[in-house]
Amino acid sequence: MSRYYFDVENGGLTVDEEGTELDGGEAVATLALRTLLDIARFEVVAHHERRMSVTARDADGMAVYRSELTVRTGWLVGPTG
């Protein structure tokens, strides 16, 4: 198992200084995407457009994987209700 660090960009940069021990590339990809979707669940409610990403770094600090999501929302006609 190797340690990976997951940095989050969401209107600013949050650097992971603790890291997570994971077993292989599939686990890195899964955790990066899961982290991104967890953030998106809470963030997009408050914003009409949001771009966010999670970048995984290995123990040497090399970026090895990135998940990115852009969400745009808006009424196509006036709001109802």
Side-chain angles (χ1 to χ4, degrees):
M1 294 222 314
S2 300
R3 184 167 294 275
Y4 293 90
Y5 301 83
F6 294 85
D7 302 333
V8 175
E9 291 182 61
N10 182 21
L13 177 63
T14 302
V15 176
D16 178 3
E17 297 188 20
E18 184 177 319
T20 304
E21 291 283 330
L22 295 170
D23 189 25
E26 188 66 32
V28 172
T30 297
L31 184 55
L33 185 56
R34 182 178 295 143
T35 301
L36 183 62
L37 293 175
D38 284 346
I39 294 165
R41 281 188 7 207
F42 297 104
E43 290 295 321
V44 296
V45 173
H47 301 78
H48 293 290
E49 182 170 328
R50 177 62 82 176
R51 182 176 176 190
M52 56 199 86
S53 66
V54 175
T55 302
R57 294 179 288 116
D58 64 14
D60 295 324
M62 173 77 72
V64 296
Y65 187 86
R66 181 177 177 94
S67 291
E68 187 173 299
L69 178 67
T70 301
V71 177
R72 291 186 189 108
T73 65
W75 290 99
L76 299 177
V77 297
T80 60

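Atom CZ of R51 sits about 10.5 Å away from atom CG of L69, to the nearest 0.5 Å. In this structure, OG1 in T55 is found 11.5 Å from CG in D16, a value given to the nearest 0.5 Å. Atom CZ of R50 sits about 4.5 Å away from atom CG of N10, to the nearest 0.5 Å.
In terms of heavy atoms, A56 sits closest to V28 at CB-CG1, 3.6 Å. Contact between L33 and S67 at its shortest, heavy atoms only, is N-OG, 3.8 Å.
Residues that satisfy the salt bridge (Lys or Arg N to Asp or Glu O under 4.0 Å) test with E9, not counting sequence neighbours, are R66. Partners of V15 according to the side chain to side chain contact (heavy atoms under 4.5 Å, CB included) rule, which considers only residues two or more places apart in sequence or in another chain, are D7, L13, E17, R57.
Heavy-atom contacts from other residues, nucleotides or ligands closer than 6.0 Å to CE of M62 number 12 or fewer.
Y5 and L31 end up in different hydrophobic clusters when Ile, Leu, Val, Met, Phe, Trp and Tyr side chains are linked at under 4.5 Å.
Counting heavy atoms from C-beta outward, M52 and L36 have side chains that approach closer than 4.5 Å.
For residues 19-29, the pairs satisfying side chain to side chain donor-acceptor pair (under 3.5 Å) are R3-E21, with sequence neighbours left out.
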